[in-house]
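A short write-up of the structure that comes next.
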Amino acid sequence: MSATVLPAPASSDARAADALRVWGTPQRTAPSRVLSAGKLRCEWSEGSIRHLRWRGVELIRGISYLLRDTHWGTAPCAVEGFELDQAADQFVARFVLVMRLPEGRLRAAAVVRGHAHGHFSFQVDAVADAALSTNRCGLVVLHPASAAGAPLEIEHTDGSVETGCFPEHISPGQVAFNIRRLRHAPVPGLSVDCRLEAELPHDPLGKFEMEDQRNWSDASFKTYVASLLDPWPYGLDAHRKFSQQVSVSVSDASAANQDRAESRSEPVRVAMGEATGLRLPAMGLGVPLGLKQMTAAERAAVLALKPVWLVAEADASDLAGLHEQLAALTSLAQASKALVQLDVICPSGQTPEDVASRVAKACELVGLRPAAVRACPAPYLKSYQPSDLWPEGPGLEAHAQAFSAAFPEARVGGGMLTYFTELNRKRQSPEHLDFVAHTTTPLVHAADDVSVMQTHGSLASIAASVHAIWPGLAYRLGPVTVGMHRNPYGARTADNPLRQRMAMAPDDPRHQAAFGAAWLVGYAAAVQQAGIEVLSFLHSHGVSGPTLRDDMPDWEPGACVPAWRVHHLLVRASGCALHRLNGLPGRLAGLAWASSDGVQHLLLANLGAEALGAVVDGAWVVSDLSVPSTAQALAAVAPVKDAADASTVATRMPLRFAAYEVLSLTR
């Protein structure tokens, strides 16, 4: 075997400008290397392993080693000295992870091995140069969300064996405890054995446990070192070595003798199919607190958008702020002719009846008549483990009853102003409710491009779980943004002054770029069969709002981010009949619908950083939604009824999708 060192990628001013258009940040994407040994294949990036596959079948979604501080923040990590010994039948990769906390530094020497016989291992020896306090230090293994419902055998630390399944509906708590080994079959005839070992300062058994990360819209089941039931944080002694290892073995008794295709070079063929019997939901827009600070450009963009619903927050604990928010909301709703769903944050220490009465009087004072209301106690904006007690005081049911009485003409909603995690862990009674709602964020655990796009893979499971828990209620989803609007898991969201890819940050640079538009298309496509009544995207103002930053390459006065163009198209499609899209490959997301005047629409997005070709049958007007547009231009958009009059027409010709490009096709 020959040793190689991973080279640093080149950069240039031109590439930085292109990066801004695609990702909204000049921050380089992490370099990646493919490691292969016979039928065994994986990707190495930033010290982590992704997509461990056998014959193209994904066995493990990812393996990482991480250090978390006492607030669950992930310590910054640098990779030093990557070296790869690669042969046809085996590979060995060596590197060092350097992680820093304010108290000191942890150096973790890692060795990743793979063999063509179907054996893989990830071993880490870590030493801290000072005493550290951590909530978690060590290996994390991800199984893909596609394993839901599949048989799972668990060997515990005491040697006992338990047989069961990966949960079909999303588990509110841990799936398994005291884990030493996991065995599952991703496809018939293919068995995967995953052994987990760890030295821990507070746990001589070195146990692992599993949680269902679909709760946070991650498309995976996560098995992590140590237990949340044990005391944390725990200490790491200075200069003491701690070793951990993940070992994976594959047993292949399948009759198939060919690898599954992981990519295809020839263009795929996409065709609009028959009507599905479903319709696009009514499209809404999020209105966070601070609406008074909306700029003129943001207001113009909202008026051009013309959302069906404004899903607006109001804080009843701040009386002056409440009146300001409701007055500005009334003005915006009247100007945009939108329905209003009012999501009220209710202070503790006051009765739900008093809060509901105060909000109703404030609405009457400014002339606002919300068509829907939701109420959430302020303490419920934080998350609690399933084993924890939720705060004392009137809960969701009492607030729903009070707001139902105070707003007799409005539909009353339940659920959380945060994420599905909290909704799943605090299951509200359906009494007094007309609908249940929540939002999602892709930035809880990871912020890299691949992980963020993969969150689409959990949305069908989230919707199915909601319908299983509340089968008689309507379902509303959103407002959904790439950035993390609210952090239930820590004191606050993360500051991101350099606008990089950062977990738990509200200001995600990709919202400004083609990536944000493609992510939105992927999200809408993933929930098109989820039975959603109202689907809300983006914000009326702020870092997840409509306007393009003035430091972006294509900025001009009034310019809107590409995702706003996608949302504008979806708003116009509210209630339209959905059609099937035949031939879509995994990397291409899409929606197809027909409007009431007979115009047919396709909305297609490349969800990857590599170019993609596709042939679309028929003659279509083609528009690129991956570039900014002004609010004035959006307001002037009219439906196209005759493709022959357009200058850009595709007639069974290949379309080329650049990285994260979004195309709208109309005929």
Side-chain angles (χ1 to χ4, degrees), residues 280-288 290-291 293-313 328-343 370-372 439 476-483 485 511-514 516-521 523-524 532-549 555-576 591 593 595 601 603 605 623-640 662 664 666:
L280 275 162
M283 302 303 298
L285 171 68
V287 182
L291 183 56
Q293 282 72 49
M294 171 186 270
T295 66
E298 289 170 333
R299 184 179 179 87
V302 174
L303 298 186
L305 183 70
K306 298 179 181 178
V308 181
W309 285 86
L310 295 175
V311 180
E313 289 187 349
L329 176 61
T330 303
S331 173
L332 187 64
Q334 291 174 348
S336 61
K337 297 181 173 58
L339 300 169
V340 172
Q341 175 184 310
L342 191 62
D343 289 349
T439 186
R476 297 188 176 194
L477 182 55
V480 176
T481 62
V482 175
H485 174 50
H511 167 73
Q512 292 277 324
W519 186 83
L520 195 152
V521 174
Y523 198 107
I532 295 172
E533 180 181 72
V534 177
L535 176 60
S536 300
F537 286 121
L538 310 182
H539 284 165
S540 57
H541 59 285
V543 294
S544 295
T547 53
L548 191 70
R549 293 197 317 259
W555 181 85
E556 61 178 308
C560 295
V561 299
W564 199 259
R565 299 187 67 184
V566 173
H567 195 18
H568 181 262
L569 179 61
L570 291 174
V571 167
R572 293 165 62 209
S574 294
C576 287
L591 288 161
W593 67 90
S595 55
H601 301 262
L603 181 60
S623 301
D624 184 0
L625 303 189
S626 309
V627 295
S629 177
T630 64
Q632 182 179 8
L634 290 177
V637 171
V640 177
V662 177
S664 168
T666 310

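Values reported hereafter were calculated over all heavy atoms of this structure, with side chains retained and with hydrogens, waters and symmetry mates removed. The structure displayed is predicted, hence computed values, not measured ones.
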Flag side-chain contact, heavy atom, 4.5 Å: [X] against [Y]:
{"X": "Arg299", "Y": "Pro546", "result": "no"}
{"X": "Ser536", "Y": "Met283", "result": "no"}
{"X": "Trp309", "Y": "Val287", "result": "no"}
{"X": "Pro479", "Y": "Val311", "result": "yes"}
{"X": "Leu291", "Y": "Leu332", "result": "yes"}
{"X": "Leu285", "Y": "Ser540", "result": "yes"}
{"X": "Val534", "Y": "Val308", "result": "no"}
{"X": "Pro370", "Y": "Gln341", "result": "no"}

message = For Thr481, is there any backbone N or O sitting under 3.5 Å from a side-chain donor or acceptor partner on His539?
response =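 Absent.
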request  = Check for a donor-acceptor pair, side chain of Gln512 on one end and backbone N or O of Thr547 on the other, with a separation under 3.5 Å.
outcome  =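 Looks like yes, one N/O pair under 3.5 Å.
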Contacts of Glu298 that satisfy salt bridge (Lys or Arg N to Asp or Glu O under 4.0 Å) - sequence neighbours left out =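 Testing Glu298 for salt bridge (Lys or Arg N to Asp or Glu O under 4.0 Å), a comparison that skips the adjacent residues, returns none.
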note = One should read off an interatomic distance between Ile532 CD1 and Leu477 CG, to the nearest 0.5 angstrom, of 4.5 Å
task = Kindly compute the distance separating NE2 (His511) from CG (Leu520), expressed to the nearest 0.5 Å.
result = 9.5 Å
message = Parallel, tilted or perpendicular, judged at 30° and 60°: which one describes the rings of Trp593 and His601?
response = parallel
What donor-acceptor contacts under 3.5 angstrom involve side-chain atoms of residues 560-571, with partners at least two apart or in another chain?
residue: Trp564; atom: NE1; partner: Ala301; partner atom: O; Å: 3.3
residue: Arg565; atom: NH1; partner: Asp624; partner atom: O; Å: 3.0
residue: Arg565; atom: NH1; partner: Val627; partner atom: O; Å: 3.1
residue: His567; atom: NE2; partner: Gly284; partner atom: O; Å: 3.0
residue: His567; atom: NE2; partner: Phe537; partner atom: O; Å: 3.4
residue: His568; atom: NE2; partner: Ala304; partner atom: O; Å: 3.4
residue: His568; atom: NE2; partner: Leu634; partner atom: O; Å: 3.3

ask   = Does CD belonging to Gln632 count more than 12 external heavy atoms closer than 6.0 Å?
value = no
key: Pair Arg476, Thr439: side-chain N/O donor-acceptor within cut-off below 3.5 Å   = no
